Amino acid sequence: MAEEKKRMRELIETLDRAAKAYYAEGREIMSNYEYDALYDELQALEEKTGTILAGSPTQRVGYEVLSELPKEAHPSRMLSLDKTKEREELAAFLGSQKGLLSWKLDGLTIVLTYAGGRLVKAVTRGNGEIGEVVTPNARTFVNLPVQIPYTGELVLRGEAVISYADFEEINARIPDLDAKYKNPRNLCSGSVRQLDSSVTAARRVRFYAFALVSAGGTAAADGIPAGGSPDFGNSRARQFDWLTEQGFEVVEHVEVTAQTVVEAVGRFEERIAGNAIPSDGLVLTLDDIAYSASLGTTAKFPRDSIAFKWRDQTAETVLREIEWSASRTGLINPVAVFDPVELEGTTVSRASLHNISIMEDLKIGLGDTLEVYKANMIIPQVARNLTESGSFSVPPACPVCGKPTEVRDENGVKTLYCVNPDCLAKQIKGFAHFVSRDAMNIDGLSEMTAEKLIDRGLIHRLPDLFRLAEHREAITTMEGFGEKSFENLAAAVEKARHTTPDRLLYALGIPGIGLANARMIAKFYRNDWQAMQGATTDELQTIDGVGSVLAAAYTEFFKDPEKAALVAELTALLDLDETPPETGDSLAGLTFVITGSLNHFANRDELKSLLEKAGAKVAGSVSAKTSYLINNDVTSTSGKNKKARELGIPVIAEEEVLKMLG
């Protein structure tokens, strides 16, 4: 018994660390497969010993919330779902009842409250008891109605998600490999839990309702029965239909019985690879509302619903190589290379090992027999190591530059870094970003070409790109190059010499400064490069989408003597077009903040563009410098409206802005 309790304490500590990393910090320190296996082991030990230790994740719902967003307690505790991987158990769960089978979406659970037909509150699930208030952010969800026909109080739950297509598009705009988001779920969580709702708006978050909590409480007005309690005929399917009528998108679902549920699971399974929205299983819920209520709950699970997790198709293979891949920031990522195996209809031969801590947990080594699978039937992962030789070694030298590496331990997670500032990998990635299409746009200068030029010692720093004409003879004798190739490259470099401040700013690779931010900053300073270099953090934070962290990174970059010298050398070689953007002056001197939904414009950017052309400034947050807050819901109790009223700033609707614009 003592050994079993010791193991239980170890499992609780390990699972707690993984849950904190996943839910509170947006990172993964173990695979879902490994987490589920450890969770099941802990649950089995609890059943065997009859003991549940304090802090056990089998009793906890979610994790503590840690952001600066306002907190709010849920009226009733939000429970998680019991789970199974056996299809036949779903049939047994239904018995003689009818059920609804739907996707289990992989995002962030949100509770929405509507009153008077308007969205008045959005709260994240948090730890199941206390969530974070994200109402302004929820109003930017691309498919969420902020006003509905029903005027009674409505409370519903759903999942905020980001589609695979939008996830890939957002990641494609991030040049730094290490800054890219690991999966749509992490991106969605970070997007919804933003202090600046404009960031959420740019991420194209979607909301799919999966449960109606309550509806009713307000008398009908003018004879329109919009505020009473709707009659759902004791059916959850009818609830979904009614929510659809109100303008919500509901999670895709089908009606099933014990006789049809297994076949229905198979139909969902066939569509996983082409599903546009991330999911990590299915949910089966009883359709009968009254019967569901009569079942009650356990300490952690409702008895009327159960989650189905796909039984991962696994395959055994042999680890042949551990590939260490260096990146622009110095992080060196381990990748397992193994004998090819067939998984979920495709051939797989590689899987990320993530970091040194996970490699140590797996006791990995060359020649080991691994069990591999596809997480959620999509992403290749190592489930476990069957032989556990533990013989892997951390490379003492960077695989690219050969200089010493360094193991860093951050919050209990060990990662490998190359600390050589002149590492070729860092330079190649930096050069590749600098010459990319949205940056300096030097056509034909690929990473491979940059590597050759660096290796030959022809370029060492970014300004050297604009001196390539001095190395005609050396370049024309390079493998794959000749006179024609050199002429094309020289012409592309000369063309890139004539550029704009926003392109140069983006090309410099300042942490957090993407293409959109670079354009907004250039517009704010009217393409004045000297003003852009001398920007202060306070000024930057008045620009829509620029927060304190990004502003600090920006100013620190230009204060760094080496970087300032680099920029000075670059600008001396460039022909910067600093022509101010065309603007009028009818609204000069005024600063606007835009919030809420719009009726006459496709999006906020369209209205912002018109205001700026009229000479106005558009900021992301309300401050003493704000002239007007634009919000069609002028009586809203949102944070921006409250702050505007406190500061005596007028809150105006769209129509008034149109009059100002003439």
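These numbers come from a predicted model, not from an experiment.
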request  = Grab the two heavy atoms, one from L112 and one from I110, that are nearest each other, plus how far apart they are.
outcome  = CD2-CG2, 3.6 Å

note = NE2 of H498 to CG of L576, rounded to nearest 0.5 Å, is 11.0 Å

message = As an exercise, state the distance from CZ of F592 to CG of L611, rounded to the nearest 0.5 Å.
response = 5.5 Å

message = Taking P136's backbone N and O only, do any of them form a donor-acceptor pair with T140's side chain (distance below 3.5 Å, no angle check)?
response = no

query = Is there a donor-acceptor pair under 3.5 Å between the side chain of T500 and the backbone N or O of D577?
reply = no

ask   = Backbone N or O of E539 within a donor-acceptor pair of the T542 side chain at under 3.5 Å?
value = yes

ask   = Which atom names give the shortest non-hydrogen contact between F210 and E159, and what distance separates them?
value = CE2-OE1, 3.6 Å

Under 3.5 Å: donor-acceptor pair, side chain of D575, backbone of R497 = no

inquiry  = Between E72 and K121, does any side-chain N to carboxylate O distance fall below 4.0 Å?
reply    = yes

ask   = Counting distance only, does the side-chain N/O of H74 pair as donor-acceptor with the main-chain N or O of R125 below 3.5 Å?
value = yes

Minimum-distance pair of heavy atoms, taken over all atoms of A614 and L661 = CB-CD2, 4.0 Å

query = With side chains defined as the heavy atoms from C-beta onward, is the minimum distance between D106 and V161 less than 4.5 Å?
reply = no

query = So, K643 side chain and V622 main chain: donor-acceptor pair closer than 3.5 Å or not?
reply = yes

For the student: nearest non-hydrogen atoms of I332 and P399, plus distance = CD1-CD, 4.1 Å

ask   = Under 3.5 Å, is there a donor-acceptor pair linking the side chains of S191 and R203?
value = yes

request  = State whether a side-chain donor-acceptor pair under 3.5 Å links D633 with T635.
outcome  = yes

Derivation of the salt bridge (Lys or Arg N to Asp or Glu O under 4.0 Å) call for E569 and R461 = CA-CA 10 Å; E569 190 177 346; R461 300 162 67 250; 2.7 Å; yes

Selection residues 527-537 - residue pairs positive for side chain to side chain donor-acceptor pair (under 3.5 Å), sequence neighbours left out = W529-Q533

query = Between the main-chain N or O of T591 and the side-chain N or O of S627, is there a donor-acceptor pair closer than 3.5 Å?
reply = yes

message = Are N641 and R645 packed together at the side-chain level, in the sense that at least one heavy-atom pair is separated by less than 4.5 angstrom?
response = yes

query = Would a 4.5 Å heavy-atom cut-off, applied to side chains only, mark I521 and I513 as touching?
reply = yes

task = Examine distances only and state if a side-chain atom of S189 and a backbone atom of N186 form a donor-acceptor pair shorter than 3.5 Å.
result = no

query = How about Y628: does its OH atom have over 12 heavy atoms from other parts shown lying under 6.0 Å from it?
reply = no

ask   = Taking the side chain as C-beta and beyond, is there a heavy-atom pair between L508 and L570 under 4.5 Å?
value = yes

Student check: side-chain heavy atoms of P404 and V419 closer than 4.5 Å = no

query = Do E249 and R206 meet the salt-bridge criterion of a basic N to acidic O distance under 4.0 Å?
reply = no

Side-chain heavy-atom pair R350, E323 within 4.5 angstrom cut-off = yes

ask   = For the residue pair H433 and A439, what are the closest heavy atoms and their distance?
value = O-CB, 3.4 Å

query = So do L504 and T571 actually touch side chain to side chain, heavy atoms under 4.5 Å?
reply = yes

request  = Please name all residues satisfying side-chain hydrogen bond (donor to acceptor under 3.5 Å, both in side chains) with K523, sequence neighbours left out, ordered by chain then number.
outcome  = E612

ask   = Does P278 reach the side chain of Y164, with side-chain heavy atoms less than 4.5 Å apart?
value = yes

ask   = Do other residues, nucleotides or ligands put more than 12 heavy atoms under 6.0 Å from the CG atom of D443?
value = no

ask   = Between N355 (side chain) and T415 (backbone), is there a donor-acceptor pair under 3.5 Å?
value = no

request  = Hey, could you give me the CG/OG1 distance between N631 and T595, rounded to the nearest 0.5 Å?
outcome  = 5.5 Å

note = Note: A160 and V192 closest approach over all heavy atoms is CB-CG2, 4.0 Å

message = Tell me whether the count of non-hydrogen atoms from other residues, nucleotides or ligands lying under 6.0 Å of CD in E406 goes above 12.
response = yes

query = Hey, is K104 close enough to D280 for a salt bridge, meaning N to O under 4.0 Å?
reply = yes

